[in-house]
Visitor: 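Below you will find the structure I want to go over with you.
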Amino acid sequence: MDATIMVLKPEHDVLPFPHPGTPGTGKSTFSHELSNRTGMQCINISEVAIRNGFISGYDAQLNSHILNEDRFVQVIHILEPTMAQGGKIVEYHSSEFFPERWFQLVIVLQTDNNILHNRLVER
């Protein structure tokens with residue numbers, strides 16, 4: 001399979017321009033399950049950013065790292081050769097940072113607020 005898929009989650013029901021959202025909508029679970037079923041490599045952008053020191057802090061309330069947006073272009077450069085191969089699943093909160101040429105399909109996950117609240121409380 002040579003398509004590249006991005007799995008997103010919006011903060012609100014805003015389409016087609018997704019915005020950053022909260023953890024807990026099932027993005028990681030869905031991405032990894034899709035990867036297992038298709039054999040496509042799953043790339044977690046947060047993990048790439050952490051590994052390469054592109055984090056500016058940590059939001060304890062959201063249980064999430066804060067990406068240094070000034071250095072985000074370096075994530076793009078690091079991933080460009082990998083993304084050129086196609087057949088990837090990119091897991092991140094938003095799509096606005098990435099070149100459109102990378103993706104043939106964008107999947108936006110949404111979760112009922114009551115379910116989302118319970119998931120976040122459990123964390």
Side-chain angles (χ1 to χ4, degrees):
M1 185 176 284
D2 63 355
T4 299
I5 300 169
M6 176 165 219
V7 178
L8 303 173
K9 58 185 179 191
E11 183 175 358
H12 304 288
D13 296 335
V14 180
L15 295 174
F17 305 105
H19 297 281
T22 57
T25 60
K27 176 180 59 63
S28 296
T29 301
F30 181 81
S31 297
H32 291 286
E33 182 64 25
L34 186 59
S35 176
N36 289 336
R37 290 180 183 226
T38 64
M40 296 169 68
Q41 178 186 4
C42 183
I43 300 170
N44 180 311
I45 298 300
S46 294
E47 290 175 5
V48 172
I50 292 166
R51 240 186 349 261
N52 290 282
F54 303 150
I55 301 299
S56 61
Y58 186 79
D59 185 328
Q61 190 173 24
L62 291 177
N63 191 26
S64 180
H65 288 91
I66 301 167
L67 180 69
N68 182 334
E69 292 182 17
D70 294 332
R71 298 187 65 198
F72 195 80
V73 69
Q74 293 171 310
V75 171
I76 303 298
H77 291 302
I78 288 169
L79 290 177
E80 190 69 53
T82 300
M83 296 305 294
Q85 299 168 8
K88 309 297 180 216
I89 300 168
V90 176
E91 176 191 341
Y92 191 58
H93 302 278
S94 179
S95 65
E96 72 248 12
F97 295 115
F98 303 100
E100 288 183 31
R101 68 181 179 280
W102 281 9
F103 307 105
Q104 288 76 45
L105 174 66
V106 175
I107 300 172
V108 180
L109 299 180
Q110 299 178 354
T111 303
D112 177 271
N113 284 338
N114 293 320
I115 294 170
L116 182 60
H117 177 266
N118 292 338
R119 287 181 186 169
L120 295 176
V121 167
E122 288 176 11
R123 288 185 177 183

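All residue numbers in this chain count up from 1 along the given sequence.
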Visitor: Is a side-chain N or O of Arg71 found less than 3.5 angstrom from the main chain of Gly53, in a donor-acceptor match?
Guide: yes
Visitor: Rounded to the nearest 0.5 Å, what's the gap from OG on Ser46 to CD on Glu91? Could you check?
Guide: 7.5 Å
Visitor: Taking the side chain as every heavy atom from C-beta outward, state whether Cys42 and His32 have any atom pair closer than 4.5 Å.
Guide: yes
Visitor: Roughly how far, to the nearest 0.5 Å, is CG of Asn36 from OG of Ser31?
Guide: 11.0 Å
Visitor: About how many Å separate CD of Glu33 and OG1 of Thr38, when rounded to the nearest 0.5 Å?
Guide: 10.0 Å
Visitor: Indicate, with yes or no, if Val73 and Met83 share a hydrophobic cluster defined by side-chain heavy-atom contacts under 4.5 Å among Ile, Leu, Val, Met, Phe, Trp and Tyr.
Guide: no
Visitor: Is Phe54 close to Ile45 at the side-chain level, that is, under 4.5 Å between some pair of heavy atoms?
Guide: no
Visitor: Grouping I, L, V, M, F, W and Y whenever their side-chain heavy atoms are under 4.5 Å apart, do Phe97 and Ile78 come out in a common cluster?
Guide: yes
Visitor: How many angstroms lie between CZ in Phe98 and CG in Leu79, if you round to the nearest 0.5 Å?
Guide: 7.5 Å
Visitor: Would you call Trp102 and Lys88 a side-chain contact if the rule is heavy atoms closer than 4.5 Å?
Guide: no
Visitor: Under the criterion side chain to side chain contact (heavy atoms under 4.5 Å, CB included), I'd like the reasoning laid out for Tyr92 against Leu67: C-alpha separation, chi angles, the key distance, then a yes or no.
Guide: CA-CA 11 Å; Tyr92 191 58; Leu67 180 69; 3.1 Å; yes
Visitor: Answer yes or no: is there a side-chain heavy-atom contact under 4.5 Å between Ile43 and Val48?
Guide: yes
Visitor: Could you measure the distance from the CG atom of Asn44 to the CD1 atom of Ile50? Nearest 0.5 Å is fine.
Guide: 7.5 Å
